[in-house]
Asks: 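Before I ask anything, let me first share the structure, which is written out below as structure tokens.
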Amino acid sequence: MDDRMIETTIGGATVRVFPELPVNPSAPPRRISVGAFFDRFGAAKWAILADESAQVRAVVRDASVRQWIDLANPDLPAGLAIIHAAGHAIDADAIVNSTVLDSERPA
């Protein structure tokens with residue numbers, strides 16, 4: 001018998017099974033809906049959405065066509081830097097690192 005196996009009784013029969021491995025807790029969710037992403041801009045949201053500069057418009061369009069925003073995407077900070085460089089007062093760290101609320105998760 002494999003030393004890792006345990007004996008147990010199921011329905012009167014003795015069987016050997018491997019014990020269940022402990023499950024590591026899953027990583028916290030990092031995907032949010034597109035609307036929740038824009039809501040994270042706070043009071044600057046409407047100015048960002050109305051910004052007609054080519055760079056900001058490209059970031060907004062890129063985000064808008066997605067099914068959800070992955071806050072762990074390594075390209076996200078660069079997009080937020082473009083918005084900040086265009087003069088919008090955003091807190092990129094808070095946008096990326098705030099806990100994902102149940103109401104922000106994609107449907």
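Starting from 1, each residue takes its place in the sequence as its number. Here the structure is a predicted model, which means the values were calculated and not measured.
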Asks: Please assess R40 against L71 for the test side chain to side chain contact (heavy atoms under 4.5 Å, CB included), listing each intermediate value before the final yes or no.
Replies: CA-CA 12 Å; R40 285 184 172 214; L71 297 173; 3.5 Å; yes
Asks: Does the R30 side chain pair with the main chain of V100, one donor and one acceptor, at a distance under 3.5 Å?
Replies: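 No, because the side chain of R30 does not come within donor-acceptor range (under 3.5 Å) of the backbone of V100.
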Asks: Test D51 against V60 for side chain to side chain contact (heavy atoms under 4.5 Å, CB included), laying out the working first.
Replies: CA-CA 9 Å; D51 191 317; V60 168; over 6 Å; no
Asks: If the plane angle is over 60° it's perpendicular, under 30° parallel, otherwise tilted; pick one for F38 and F41.
Replies: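 The arrangement is tilted - the two ring planes meet at 30° to 60°.
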Asks: Using the rule that two of Ile, Leu, Val, Met, Phe, Trp, Tyr join whenever any of their side-chain heavy atoms come within less than 4.5 Å, decide whether I83 and W46 are in one cluster.
Replies: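 Yes: a chain of side-chain contacts under 4.5 Å links I83 to W46.
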Asks: So, taking the atom named NE2 in H84 and the one named CD1 in I95, what distance separates them when rounded to the nearest 0.5 Å?
Replies: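 Between atom NE2 of H84 and atom CD1 of I95 there are 10.0 Å.
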Asks: What distance separates I32 CD1 from D39 CG, expressed to the nearest 0.5 Å?
Replies: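 Taking CD1 in I32 and CG in D39, the distance rounds to 8.5 Å.
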Asks: For residues L101 and V96: do they belong to one hydrophobic cluster (side chain heavy atoms under 4.5 Å, members Ile, Leu, Val, Met, Phe, Trp, Tyr)?
Replies: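 In one cluster with L101: V96, no.
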Asks: Let me check something: do W68 and L76 share a hydrophobic cluster, defined by ILVMFWY side-chain heavy atoms less than 4.5 Å apart, either directly or through other members?
Replies: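 No, W68 and L76 fall in different hydrophobic clusters.
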Asks: Let me confirm one number: the CG-CG distance from D70 to D75, rounded to the nearest 0.5 Å.
Replies: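 Between atom CG of D70 and atom CG of D75 there are 10.5 Å.
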Asks: Supply the atom-to-atom distance L80 CG to H88 NE2, rounded to the nearest 0.5 angstrom.
Replies: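 These two atoms lie 12.0 Å from each other.
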Asks: Are side-chain heavy atoms of R57 and E52 found at a separation under 4.5 Å?
Replies: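 Yes - at least one pair of side-chain heavy atoms lies under 4.5 Å apart.
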